[in-house]
Amino acid sequence: MTCGKTQEFLAKNKIEIGEAVSTRAKTFTEKDALRMASDADQIYAARGKKVVHYDLKKEKPSKDDLKKIMLGPTGNLRAPTMRIGKTVIIGFDEGVYRELVLK
């Protein structure tokens with residue numbers, strides 16, 4: 001994870017990561033992101049102060065919508081991205097982290 005706010009939040013709350021993969025060491029492409037989405041039940045994506053939530057059990061966003069929230073300007077998966085079970089969290093939003101990571 002490259003986001004300093006994410007690392008700070010996890011350290012402050014004494015949360016250990018099971019597996020961390022640096023996007024600098026491994027590139028996660030559009031195909032990887034869409035595969036991750038297909039394995040998820042929930043996706044939360046934060047960009048700035050806006051959070052987009054998809055309940056994939058109830059709704060099926062288009063590939064373009066998923067790519068828009070999951071990929072950065074280079075076409076690679078946005079960092080930080082965290083997977084907790086069948087929930088994917090993209091970007092950092094403290095409220096989302098408090099709700100999903102601290103439960």
Side-chain angles (χ1 to χ4, degrees):
M1 274 179 256
T2 61
C3 179
K5 289 180 182 179
T6 299
Q7 291 174 341
E8 182 181 313
F9 179 89
L10 296 173
K12 180 177 155 185
N13 290 286
K14 298 180 173 92
I15 297 169
E16 293 187 28
I17 299 298
E19 178 184 6
V21 179
S22 171
T23 56
R24 293 175 195 209
K26 179 178 177 1
T27 300
F28 292 89
T29 63
E30 173 185 321
K31 183 178 176 181
D32 297 319
L34 293 175
R35 185 178 312 115
M36 184 181 294
S38 72
D39 292 339
D41 289 342
Q42 306 279 329
I43 296 178
Y44 292 81
R47 182 167 278 167
K49 294 184 181 197
K50 182 178 179 186
V51 176
V52 175
H53 172 239
Y54 288 118
D55 181 342
L56 300 175
K57 291 181 189 178
K58 296 179 182 177
E59 56 190 314
K60 299 293 180 203
S62 70
K63 284 184 181 181
D64 285 339
D65 287 341
L66 290 171
K67 290 189 302 188
K68 186 176 179 180
I69 65 167
M70 296 183 80
L71 302 177
T74 63
N76 294 326
L77 185 65
R78 289 179 49 220
T81 295
M82 182 183 301
R83 184 172 45 202
I84 303 170
K86 293 220 166 245
T87 300
V88 175
I89 306 168
I90 303 157
F92 179 80
D93 179 83
E94 188 166 347
V96 171
Y97 272 52
R98 289 194 179 287
E99 179 183 339
L100 300 174
V101 179
L102 294 181
K103 57 173 170 173

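Reckoned from all heavy atoms, side chains included, excluding hydrogens, waters and symmetry mates. Not measured: the values here are computed from a predicted model.
Enclosure of atom NZ in Lys5 is not indicated, since only 12 or fewer non-hydrogen atoms of other residues, nucleotides or ligands lie within 6.0 angstrom. In this structure, Lys26 places its NZ atom where more than 12 heavy-atom neighbours from other residues, nucleotides or ligands lie under 6.0 Å away. Within a 6.0 Å radius of CD in Glu59, more than 12 heavy atoms belonging to other residues, nucleotides or ligands are found.
Ring geometry for His53 versus Tyr44: interplanar angle under 30°, hence parallel rather than tilted (30 to 60°).
Rounding to the nearest 0.5 Å places CG of Leu10 at 9.0 Å from CG of Leu102. Expressed to the nearest 0.5 Å, how far CZ of Phe92 lies from CZ of Arg78 amounts to 13.0 Å. Here the straight-line distance linking atom CG of Leu34 with atom CE of Met70 works out to 7.0 Å at 0.5 Å rounding. Atoms CG and NZ, on Asp93 and Lys50 in that order, are 13.0 Å from each other to the nearest 0.5 Å. Taken from NZ in Lys67 to CG in Leu77, the straight-line distance is 14.0 Å, to the nearest 0.5 Å. For the atom pair CD1 of Ile17 and CD1 of Ile84, the computed distance is 8.0 Å after rounding to the nearest 0.5 Å.
Taking both residues in full, the closest heavy atoms of Ile43 and Ala40 are given as CG1-CB, 4.3 Å, listed atom of the first, atom of the second, then distance.
Using a 4.5 Å cut-off on side-chain heavy atoms (C-beta onward), Thr81 and Met36 make contact. Residues Ile89 and Val101 have side chains in contact (heavy-atom distance under 4.5 Å, counting atoms from C-beta outward).
No side-chain donor-acceptor contact under 3.5 Å links Lys86 to the backbone of Gln42. Looking only at distances, a side-chain donor or acceptor of Lys60 sits under 3.5 Å from a matching main-chain atom of Leu56. Using a distance-only test at 3.5 Å, with no hydrogens or angles considered, no donor-acceptor pair links the side chain of Arg47 to the main chain of Ile90.
Residues Val52 and Leu71 are members of separate hydrophobic clusters, defined by side-chain heavy-atom contacts under 4.5 angstrom among Ile, Leu, Val, Met, Phe, Trp and Tyr.
In summary, Asp32 and Arg35 engage in a salt bridge, as defined by a charged side-chain N under 4.0 Å from a carboxylate O.
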Using the side-chain contact (heavy atoms from CB on, under 4.5 Å) rule, take Tyr54 and Ile69 through it: C-alpha gap first, then chi angles, then the decisive distance, then the call. CA-CA 10 Å; Tyr54 288 118; Ile69 65 167; 3.6 Å; yes
